[in-house]
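Read through the structure below, which is laid out as structure tokens, and then see the notes.
Computed from a predicted structure; not experimentally measured. Lettering follows sequence order; numbering is per chain, from 1.
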Protein chains: 2
Amino acid sequence: MSSLDDRSKVAIVEAASLSYPVGARRELQTEGQAIRSPLLLLNGWAARVRVLHDGRRQFISFVLPGDIMGHYTYPDPVATSTVVALTDVQVCPLPDSTELPDLERAYSISGALDEACLVAQIIRLGRFTARERILDLIIELFERLSLAGLVEGNSFAFPLTQEITADALGLTSVHVNRMVQQSRRIGELCWIAGQITLPDLPSLRSAIDRSTTTVRPWSALPPMPVAPSRN
Amino acid sequence: MSSLDDRSKVAIVEAASLSYPVGARRELQTEGQAIRSPLLLLNGWAARVRVLHDGRRQFISFVLPGDIMGHYTYPDPVATSTVVALTDVQVCPLPDSTELPDLERAYSISGALDEACLVAQIIRLGRFTARERILDLIIELFERLSLAGLVEGNSFAFPLTQEITADALGLTSVHVNRMVQQSRRIGELCWIAGQITLPDLPSLRSAIDRSTTTVRPWSALPPMPVAPSRN
DNA sequence: CGCTGGTTTGATCTTTCTCAAGCCGTGTGG
DNA sequence: CCACACGGCTTGAGAAAGATCAAACCAGCG
């Protein structure tokens, strides 16, 4: 739980009041384009993605509620990758942090977490087997969603198709499917109808080598700034 | 070529005067440990690396002369990954940028470039074939070294073993070896005795889909702050 | 001269991909 | 209410990329 001073909180609530919806599959940011304003994702899932000339597609990272996109601190920043909405989402302009050291710090921490996710993704793609990649990604998302207050017990809404999961993990959807089925049979993973349940997270976590990849409990922003359920 | 004001240049020269050597295989930074001071690499090659419990190893990114490590802007930063010297290196403390907006900007840009390299690495590992991974990495290093003034014509010193290259690319050294030999036979790559020559960079570059992965010509710091040859 | 670290080669095995088809649930128009 | 089109999931058979294991080679070096 990050502690923000009142002025920062006000700034966030104010920004959230300017939120607007963006439909699934729409681009929130386009690679190579100047960034008008950095964004804060309030609701839904998005992802950074790159598509190669021959159609191969790689998702770089996922953007979850509470995450920020396009926040760079040098002048005239340019988006380094396309960000696409995976579901219908709600976004708002990121409140300016000048004069608000608490926000500044929160953004800085958020950036460090982002980087940690990129590193985790590199480890997955470079040295994990298909099974490990799938489970590790799911655990990571579980933990991040958990910080955002979007996990109920040991299950959470998982809006990704197997195809998208495959394109995030450097696999084919066919292979993801087979591995998931295997995990289902063992009972280590329950993934039905856009809902994932992890019956035994601790044992899963120790089965996969997540070493220091663990998301630390320094949340960048208060869980779900404008969530309907809490506050 | 970044333009720094005089005070910033002085700060760098001053820091460089505090440089010290670190032997190959020594750790410059240890994952999970508090960062005393961020560092500037003046000479030699280093790499961010993670080793899994069962010994699998993945290099995350390479640190080249002029690059910085451990520069985080939140209080009490912790190293998110181990940085190890791949060759004998020369490092110095990174000059503090408070009160020096030019330096501040340079660091910020350097951070953005770092991120771009992580993204490039994700694309390589996720969607490139072995041949593409090797050539793409070599091209990236070529371009980065080029900005640092470490490329002569179309060749440069390449101190990595095939084993390390493999551990950077999510491959085995055996397979790297075979692919490299193939590239050698075609004449697209000449890699002998720690020296790489790219006879036809443009055609190579178009053969590999490096799309927007291209390193932009905003160099973070003046090429080789204290290089012996220039200045 | 014999180590040592790095490269090369061969044979075989495994993981993952490719292609192709079938299935299932949902939504839509007749 | 049915038909059928669509997106996503599932299954099978065969192919390919890359891993594994093991050994030989080769240069520099103490």
Q. Can you tell me if Ser173(A) and Gln162(A) form a side-chain donor-acceptor pair at under 3.5 Å?
A. no

(Q) Does dG5(C) have its OP1 or OP2 closer than 4.0 Å to a side-chain nitrogen or oxygen of Arg25(B)? (A) no

Q: Verify the distance criterion only: is there a donor paired with an acceptor across the side chains of Glu27(A) and Thr82(A) at less than 3.5 Å?
A: no

Q.
Between Gln90(B) and Ser19(B), is there a side-chain donor-acceptor contact under 3.5 Å, judged purely by atom types and distance?
A. yes

Q | Length of the line joining His175(A):NE2 and dC17(C):C1', which is rounded to integer Å | A | 9 Å

Q.
Regarding Thr129(B), tell me which of base, sugar-phosphate or nothing describes its non-hydrogen contacts under 4.0 Å with the strands shown.
A. sugar-phosphate

(Q) What is the separation between atom CZ on Arg56(A) and atom C1' on dA17(D), rounded to the nearest whole Å? (A) 13 Å

Q: Using a cut-off of strictly less than 4.0 Å, decide whether Asn177(A) has a side-chain nitrogen or oxygen near OP1 or OP2 of dT10(D).
A: yes

Q) Within less than 4.0 Å of OP1 or OP2 of dT10(D), is there a side-chain N or O belonging to Gln162(A)? A) yes

Q) Across the strands shown, which category fits Arg127(A) at heavy-atom distances under 4.0 angstrom: base, sugar-phosphate, nothing? A) nothing

Q | Rounded distance (Å) that lies between atom P of dT15(C) and atom CG of Leu169(A) | A | 18 Å

Q.
From CD of Gln182(A) over to C1' of dT11(D), roughly how many Å is that when rounded to an integer?
A. 15 Å

Q: In whole angstrom, give the distance that lies between atom CG of Leu160(B) and atom P of dT7(C).
A: 10 Å

Q) Using a cut-off of 4.0 Å on non-hydrogen atoms, how would the nucleic acid contact of Arg131(A) be classed: base, sugar-phosphate, or nothing? A) nothing

Q | Gap between atoms CE and P, on Met179(B) and dA19(D) respectively (whole Å) | A | 10 Å

Q: Could you check Glu163(B) against Arg178(B) and say which one's nearest nucleotide on DNA chain C is further toward the 5' end?
A: Glu163(B)

Q. If you look at every strand shown and take non-hydrogen atoms under 4.0 Å, does Gly170(B) touch a base, only sugar-phosphate, or nothing?
A. sugar-phosphate

**Q.** Salt-bridge present (Arg127(B), Glu132(B); N to O < 4.0 Å)
**A.** no

Q. So, is Thr172(B) near the phosphate of dG18(D), with a side-chain N or O under 4.0 Å from OP1 or OP2?
A. no

Q) Whole Å only: how far is the CD atom of Gln181(B) from the P atom of dC25(D)? A) 15 Å

Q: For the residue pair Arg48(B) and Ser81(B), confirm or rule out a side-chain donor-acceptor distance under 3.5 Å.
A: yes

Q | Earlier contact from the 5' end, DNA chain C, for Val174(A) and Arg133(A) | A | Arg133(A)

Q: Round to a whole Å and report the spacing from CG of Leu125(A) to P of dG18(D).
A: 15 Å

